[in-house]
Structures are given as structure tokens and as C-alpha cells.
Amino acid sequence: MSQAQPKRASSRAHPADPCTVVIFGAAGDLTSRLVVPALYNMRRTGLLSDNFAVVGFNHGKMSDNAWRKNLHTALERYVANGGGKLDEDAWGWLSSQMSYHAGDFDDTSAFQSLATRLRDIDRKRGTQGNVLFYLATPERFFGDVIEKLRDADLVDDGGPEGRYWRRVIIEKPFGHDLASAHALNERILKVLREDQIYRIDHFLGKETVQNIMAFRFANGLFEPIWNRDRIDHVQITVAETVGVERRGSFYEQTGAMRDMVPNHLFQLLAMVAMEPPTSFDAEAVRTRKAETIEAIRPILPEDAVRGQYGPGAVNGELARAYRDEPDVAPDSVTETFVAMKLSIDTWRWSGVPFYLRTGKHMGRRTTEIAIRFKSAPFAPFRGTGMDAFGPDWLVLQIQPDEGISLQFDVKRPGPRVELAPVRMDFKYADWFRAEPAVGYETLLYDCMTGDATLFQRADMVEACWRAVQPVLDDWAQRTPADFPNYASGSAGPASSDTLLAMGGRSWRPLHSSNEPVGRKTSRSKTDASAQPAAPATKKRATAKKTAKKRAAAKKVVAAVVTKKAPARKAAAKKTAVKKTAARKRTTTSRTRGK
């Protein structure tokens with residue numbers, strides 16, 4: 001984007017319906033880190049109704065002021081991390097609508113008193129009887145809370161055409177396998193209608209995820225080539241540089257497969273692979289997504305790879321192994337990395353492999369959908385000294401630098417016919433003024449307005465688990481003998497590379513998104529001279545940057561070696577003692593034999 005190009009404002013929506021939001025798990029990390037900051041941002045952008053209230057429901061007694069103070073501290077930290085300053089007017093208004101309600105999730109009397117409080121809030125705030133219940137709790141409480149809401153007569157709204165609405169947001173994970181997801185669906189559907197349930201996935205609140213459908217279906221340039229005729233394969237990557245941090249006990253029971261694949265990755269997959277809906281009506285879109293997920297062939301165990309990170313360096317800093325994290329077993333076999341190959345049995349995608357990978361403590365933080373197009377016929381370029389084309393990629397960058405890029409080949413300037421990979425880039429930050437967001441703002445707004453487009457139905461949830469269940473069953477029967485099998489700061493285990501290599505393909509490297517992916521072919525002798533010389537200042541800056549990186553890497557390696565030296569020394573000493581004893585035994589036996 002040129003410097004003269006003005007940034008365009010984001011579209012503005014009308015305020016959501018009047019309502020009260022009841023947050024179960026009000027003292028938890030999810031509430032302070034994501035839900036309340038999202039409500040604060042919604043107030044600042046005019047998305048909340050003036051007739052609005054928040055009730056925090058949690059076990060343990062706490063005053064309204066104490067709860068607000070804790071949230072204020074967390075919100076200040078969130079705003080400061082974004083380089084901003086807290087809007088005290090927006091927070092003052094929001095906090096004035098907030099109150100705390102103490103009670104256990106299995107206490108019938110606590111839910112009955114909640115019903116009384118909601119009626120009182122409705123009279124004072126004018127929320128018109130609308131209530132959004134947010135289950136920011138561990139999965140084991142989902143069914144209990146929903147049944148207690150029914151017992152307190154808090155979910156009956158008279159049906160879709162009733163005078164007011166009652167809706168429930170359920171966080172992931174929605175079950176831990178196919179059987180548990182089916183059982184949970186059965187349990188809550190005895191209490192709620194499907195249109196009252198909003199199974200939330202914060203990935204779908206990101207602008208670039210929502211833009212996938214707009215990009216595909218609003219541009220006549222891309223939809224005609226969005227199929228097996230022109231696409232070789234698709235790669236979906238969700239790489240994180242963070243480890244499990246303070247979530248060791250949760251992660252030990254979950255792992256990368258359950259935490260990421262049936263929800264985040266499959267939702268991205270469905271957006272990319274779905275057929276065009278007849279409209280952007282919620283049910284039309286969700287039906288197309290469900291059809292896509294149901295068309296996934298059950299994934300064979302040999303088409304899935306798991307890994308666990310060991311020690312290493314992430315962003316130039318020492319990183320410990322997963323087994324050394326707090327609340328993690330020293331012999332844990334929980335996976336922190338998953339890669340898989342899958343097929344979608346539809347006319348559009350038959351024969352096109354989809355490769356998915358996700359992992360923690362990776363070399364770079366990125367979420368992207370990369371579409372690799374098939375190569376053009378090579379005949380016109382015979383006799384030019386070239387032996388291959390470069391890859392043509394369309395990349396949808398979800399985070400951290402939201403945007404879209406298209407990579408293709410052009411002729412390198414000069415008398416010879418030589419190709420060079422180049423890229424055209426669109427970045428959201430260049431064209432639009434971004435409002436502060438945590439990813440939940442759009443989703444909460446949709447819940448308050450009754451738009452279920454970005455939320456999963458029961459059949460979608462079960463279809464996702466059905467696709468990965470064969471792998472989960474296989475992994476439960478086989479203990480990995482090579483964990484940890486990838487270093488922190490790397491691109492994952494070598495077996496994930498083999499997964500693609502068997503089809504003659506390779507993963508896109510986890511390098512800077514500013515670099516095109518080049519051809520894996522030898523360059524001609526005149527290639528170097530054909531490239532424009534970089535300015536001296538740029539060369540010096542690049543050399544200086546490279547030197548710094550090498551110095552940092554040396555320090556990390558030295559630190560790791562130093563850390564491991566005592567253990568290696570002890571092991572070497574032990575080995576030497578064993579060898580000496582073995583030699584003595586051999587000598588003694590030979591002497592006796594004589």
C-alpha cells in the first residue's frame with residue numbers, strides 16, 4: 001500500500017439486543033483474559049445495548065467491588081500489552097452494570113436465587129427478559145449447569161417466536177471423543193433447542209477466517225479454479241511458539257489432537273473446502289460446512305503423526321521440555337504436535353490431499369491456509385536451461401499478520417529466460433483501521449443478535465470426532481517410544497516431513513512471511529549476476545542482523561551444553577567404570593582358562 005493510501009474504517013453494526021450476560025466461572029482465567037476484555041471492546045465500539053448487565057456466577061464468596069477490582073487489574077494489563085491506555089469511561093460504564101453471584105454449580109438454591117436476581121435486573125435495566133448464559137467452566141460442568149438452569153426455569157423462552165430469548169454459550173472442548181460428544185449432545189438437547197446452543201470457537205471470530213467465504217464467493221477470479229482441476233494440495237498450519245505454560249494438568253488430559261484438530265483446524269478446513277451456500281443464512285452455511293466435514297474419509301493411523309517437544313530455543317531463549325513443565329508427568333506420552341493427511345470425498349476435492357499440522361514450542365508463531373496450485377505445462381521452456389517451475393501459492397494468513405498473498409513466477413530481468421518467484425501481498429493493517437479485539441467480540445455480538453453462522457451444530461461436532469476417532473483409538477493402544485521427538489524452536493518431528501515426502505511434497509517452511517518460497521532447483525551460473533545488487537547500507541544491515549542471530553544461537557547452544565555437561569560427565573564416568581569392570585572379568589576368565 002502506498003503511503004498516500006488512506007486506511008478505511010471498519011463497518012459499523014447496530015447495537016446488539018438488550019440482555020443480561022451470566023458468566024459461569026466468573027473468577028477464572030477465561031473470563032478475565034478474554035470475555036470481559038471483549039465486552040469492554042464492544043462497549044467502546046458501540047456494539048452493546050444501553051440496556052445491558054453482567055452477572056458473574058462462581059463458587060466462593062466475593063463482593064461486587066472485589067470482583068470488579070480483579071477484572072480492572074486484568075483489563076489494565078491487557079490494554080497495556082497492546083500499547084494503549086484504559087478507557088476509564090468505557091470501563092466505568094461496564095463495571096457499573098456488573099454484579100457477582102456466589103454459588104456452586106450443583107446447588108439448586110443458588111440457581112433459584114439467580115432467577116430472582118435476573119428478574120430484578122430486568123426491571124432495573126430494561127433487558128427485556130433476554131439472557132445469555134456463558135459456560136466458561138471445565139467441560140465436566142456443562143451438563144450439570146444446563147440442567148440446573150432448566151430446574152430454575154431459566155431456559156424456557158417460549159420457543160423461537162417467544163417474546164424474549166434464552167441462549168447458552170458452550171466453550172470447547174465439546175467432548176473428548178466421539179462417544180462423549182454424542183452423550184453430551186444428547187444430554188443438553190433434552191433441555192435446550194439446537195437454536196439456543198452456541199458452541200463457540202474463538203478462531204472463527206478472527207476477521208481473516210470470516211473473510212475466507214467472502215474472498216472465495218465474491219471474486220469470480222478464484223472460485224472457478226478452487227477445485228481438483230487446478231489445486232495440487234492444501235496445507236493448514238497452526239504453529240505456536242508458546243508451550244503449555246500453566247495448563248499442564250489440563251493438557252495432560254487433552255493433548256494437541258483433542259485441543260486443536262476437531263475444532264480449530266477442522267473449522268478452517270470446512271471454510272476452505274465447503275461448497276457455495278445458497279445464501280449467507282446461518283443454516284445454509286452450517287449445512288455446507290457439515291457436508292464437508294462428513295465427507296472426510298476416516299483418517300488412517302499411518303496418515304497421522306504425533307510429537308512432543310524437548311528442550312531447545314524459542315525466539316533465542318532457552319525452552320524446557322514438555323516433561324519438565326509444571327503438572328506434567330516426567331514420563332508423559334501426551335502429544336504437543338500433530339500432523340495428518342486427509343481426503344475429502346467430494347467431486348470438488350477428490351484426489352486433492354489436505355495436510356494439517358499444529359504444535360507448541362515451534363520455530364515461529366503462524367496460522368495460515370496455503371493452497372498450492374498445479375504446475376503449468378513445461379514444454380514452452382525446453383531448451384532455456386530451466387528444469388522446473390517455482391511453486392504457485394495462494395496463502396491466507398490468519399495470524400499474526402492478517403492478510404492474503406499470491407506467489408507466482410516472473411521472468412528475471414536480463415537477456416536469458418530465467419524465472420524468479422515473487423509475491424503480491426494484501427495486509428489488513430495496511431488498508432483498514434483495526435479496532436482492538438481479542439477474537440470474541442464478533443462471536444458475542446452474534447450470540448446477542450441470534451446469528452449462529454460461526455457456531456457448530458451437534459451434527460458438525462460429532463462428524464469432526466468421527467473423522468479422528470480411528471487415530472485416537474490407535475494412539476491409545478500404542479505408546480510412543482521416541483518422545484520427546486522434536487526440539488523446541490523447530491518445525492516439528494522428522495516423521496511429519498516424511499508424511500508429505502511420500503507424495504513428493506514438503507511443508508512450507510516456518511520462515512518469515514516476507515520471503516517467497518523458492519524453487520528447489522539448481523540456479524544457472526549467470527543467476528547471481530542477473531540479480532540486482534543490494535545497496536551497501538542494506539548489505540551491512542543484513543550482515544549485522546545475521547551476526548546477531550548467530551551470536552544469540554551460539555549463546556543458546558552453549559547454555560544447553562553447559563546445562564547438560566554434568567549429566568554427560570557423570571554418564572561417561574559410569575560407562576568407563578563398567579568397561580573397566582568388564583575388562584577385569586574377561587582377563588580373570590582367560591587366566592582361569594589357562
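In this chain, numbering begins with 1 at the start of the sequence shown.
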message: As a test of understanding, state which of E139, E194, E171 forms a salt bridge (Lys or Arg N to Asp or Glu O under 4.0 Å) with R199.
response: E194
pair L269-V234: side-chain heavy atoms closer than 4.5 Å: no
query: After noting the C-alpha distance and the side-chain angles of L265 and M340, does the key distance pass the side-chain contact (heavy atoms from CB on, under 4.5 Å) rule?
result: CA-CA 11 Å; L265 271 76; M340 61 177 58; over 6 Å; no
- prompt: Which value, rounded to the nearest 0.5 Å, describes the distance between L510 atom CG and S490 atom OG?
  reply: 9.0 Å
query: So, the side chain of W475 versus the backbone of R306: is there a donor-acceptor pair under 3.5 Å, distance only?
result: no
field: Exam field: side chain R216 to backbone M271, donor-acceptor pair closer than 3.5 Å
entry: yes
- prompt: Between the side chain of T45 and the main-chain N/O of N41, is any donor-acceptor distance below 3.5 Å?
  reply: yes
- request: Run the numbers on R357 and E335 for salt bridge (charged side-chain N to carboxylate O under 4.0 Å, His left out), then give the verdict.
  value: CA-CA 12 Å; R357 64 173 168 173; E335 78 282 355; over 6 Å; no
message: Can you give me the closest heavy-atom contact between L454 and L204, atom names plus distance?
response: O-CD1, 3.0 Å
- request: Keeping the roles fixed (side chain from Q210, backbone from G205), state whether a donor-acceptor pair exists under 3.5 Å.
  value: yes
- request: On the 0 to 90° scale, with breaks at 30° and 60°, tag the H233-W393 ring pair as parallel, tilted or perpendicular.
  value: perpendicular
query: Are Y428 and F426 close enough that their ring centres sit under 6.0 Å apart?
result: yes
- line: CD1 of I231 to NZ of K374, rounded to nearest 0.5 Å, is 9.5 Å
message: Are I371 and W226 packed together at the side-chain level, in the sense that at least one heavy-atom pair is separated by less than 4.5 angstrom?
response: yes
message: Could you check whether any side-chain N or O of D177 sits under 3.5 Å from a backbone N or O of S180, counting only pairs where one atom can act as donor and the other as acceptor?
response: yes
query: Does the pair K427 and E402 meet the rule for a salt bridge (charged side-chain N to carboxylate O under 4.0 Å, His left out), with working shown?
result: CA-CA 6 Å; K427 295 194 180 299; E402 296 89 346; over 6 Å; no
- request: Could you walk me through whether I188 and F142 pass side-chain contact (heavy atoms from CB on, under 4.5 Å), step by step?
  value: CA-CA 8 Å; I188 65 177; F142 291 167; 5.6 Å; no
task: Say whether, by atom type as modelled, one donor and one acceptor occur between the side chain of D446 and the main chain of T453 under 3.5 angstrom.
output: no
field: F337 ring center within less than 6.0 Å of Y486 ring center
entry: yes
- request: Answer whether the closest heavy-atom distance between the side chains of Y440 and I169 falls below 4.5 Å.
  value: no
message: Run W165 and D17 through side chain to side chain donor-acceptor pair (under 3.5 Å) and show every step you take.
response: CA-CA 10 Å; W165 51 258; D17 295 350; 3.2 Å; yes
message: Quick one, T241 with R365, criterion side chain to side chain donor-acceptor pair (under 3.5 Å). Give me CA distance, side-chain angles, the key distance, then yes/no.
response: CA-CA 5 Å; T241 53; R365 174 177 173 258; over 6 Å; no
query: When rounded to the nearest 0.5 angstrom, what is the spacing between CG in L419 and CZ in F408?
result: 12.0 Å
Minimum side-chain heavy-atom gap N219-F222 below 4.5 Å: yes
task: State, to 0.1 Å, how close P493 and V305 come at their nearest heavy-atom pair, and which atoms those are.
output: CG-CG1, 4.2 Å
- prompt: What are the two closest heavy atoms between A273 and F354, and how far apart are they?
  reply: CB-CZ, 4.2 Å
field: I236 and L356: CA distance, side-chain angles, deciding distance, side-chain contact (heavy atoms from CB on, under 4.5 Å) verdict
entry: CA-CA 5 Å; I236 301 178; L356 280 58; 4.3 Å; yes
task: Show your working on side chain to side chain donor-acceptor pair (under 3.5 Å) between N185 and E462 and close with a plain yes or no.
output: CA-CA 9 Å; N185 274 327; E462 293 183 26; 3.0 Å; yes
- request: Just do the side-chain contact (heavy atoms from CB on, under 4.5 Å) check on L444 and M42 with the steps written out, would you?
  value: CA-CA 9 Å; L444 287 172; M42 292 173 71; 3.9 Å; yes
- request: In sequence, state the C-alpha distance, the side-chain angles, and the governing distance for R297 and D345, and then conclude on salt bridge (charged side-chain N to carboxylate O under 4.0 Å, His left out).
  value: CA-CA 7 Å; R297 290 184 192 172; D345 271 338; 3.0 Å; yes
- prompt: Among R457, K289, R288, which residue meets the salt bridge (Lys or Arg N to Asp or Glu O under 4.0 Å) test with E283?
  reply: R457
task: Find out whether Q469 and P298 are in side-chain contact, i.e. whether some heavy atom of one side chain is under 4.5 Å from a heavy atom of the other.
output: no
message: To the closest 0.5 Å, what do you measure between NE2 (H264) and CG (L268)?
response: 9.0 Å
- prompt: Do R230 and F373 meet the cation-pi criteria used here (NZ or CZ under 6.0 Å from the six-membered ring centre, within 45° of the axis)?
  reply: no
- request: May I ask you to decide if C447's main-chain N or O and R167's side chain share a donor-acceptor pair within less than 3.5 Å?
  value: yes
field: Side chains of R505 and Y355 in contact at under 4.5 Å (non-hydrogen atoms)
entry: yes
query: Minimum heavy-atom separation for T292 to A270, with atom names?
result: CG2-CA, 4.3 Å
- request: Test side chain to side chain donor-acceptor pair (under 3.5 Å) on Q397 and T366 and set out the steps.
  value: CA-CA 8 Å; Q397 187 73 32; T366 185; 2.8 Å; yes
message: Looking at G159, is its backbone amide N or carbonyl O close enough to the side chain of D157 to form a donor-acceptor pair, meaning the two atoms are under 3.5 Å apart?
response: yes
- prompt: Does any non-hydrogen side-chain atom of E368 lie less than 4.5 Å from one of Q235?
  reply: no
- prompt: Can you tell if the side chain of Y198 reaches within under 4.5 Å of the side chain of L132, non-hydrogen atoms only?
  reply: no
field: Side chain E441, main chain G439, donor-acceptor under 3.5 Å
entry: yes
Smallest separation among heavy atoms of M362 and V314, with atom names: O-CG1, 4.0 Å
message: How about CZ on R187, more than 12 heavy atoms from neighbouring residues, nucleotides or ligands closer than 6.0 Å, or not?
response: yes
query: Once you round to the nearest 0.5 Å, how far does OG of S350 lie from CD1 of I344?
result: 11.0 Å
field: Heavy-atom closest pair, residues L443 and D201
entry: CD1-O, 3.5 Å
task: Without swapping roles, check the side chain of T336 against the backbone of Y309 for a donor-acceptor pair under 3.5 Å.
output: yes
query: Which distance, rounded to the nearest 0.5 Å, do you find between the CG of D497 and the OG of S506?
result: 8.0 Å
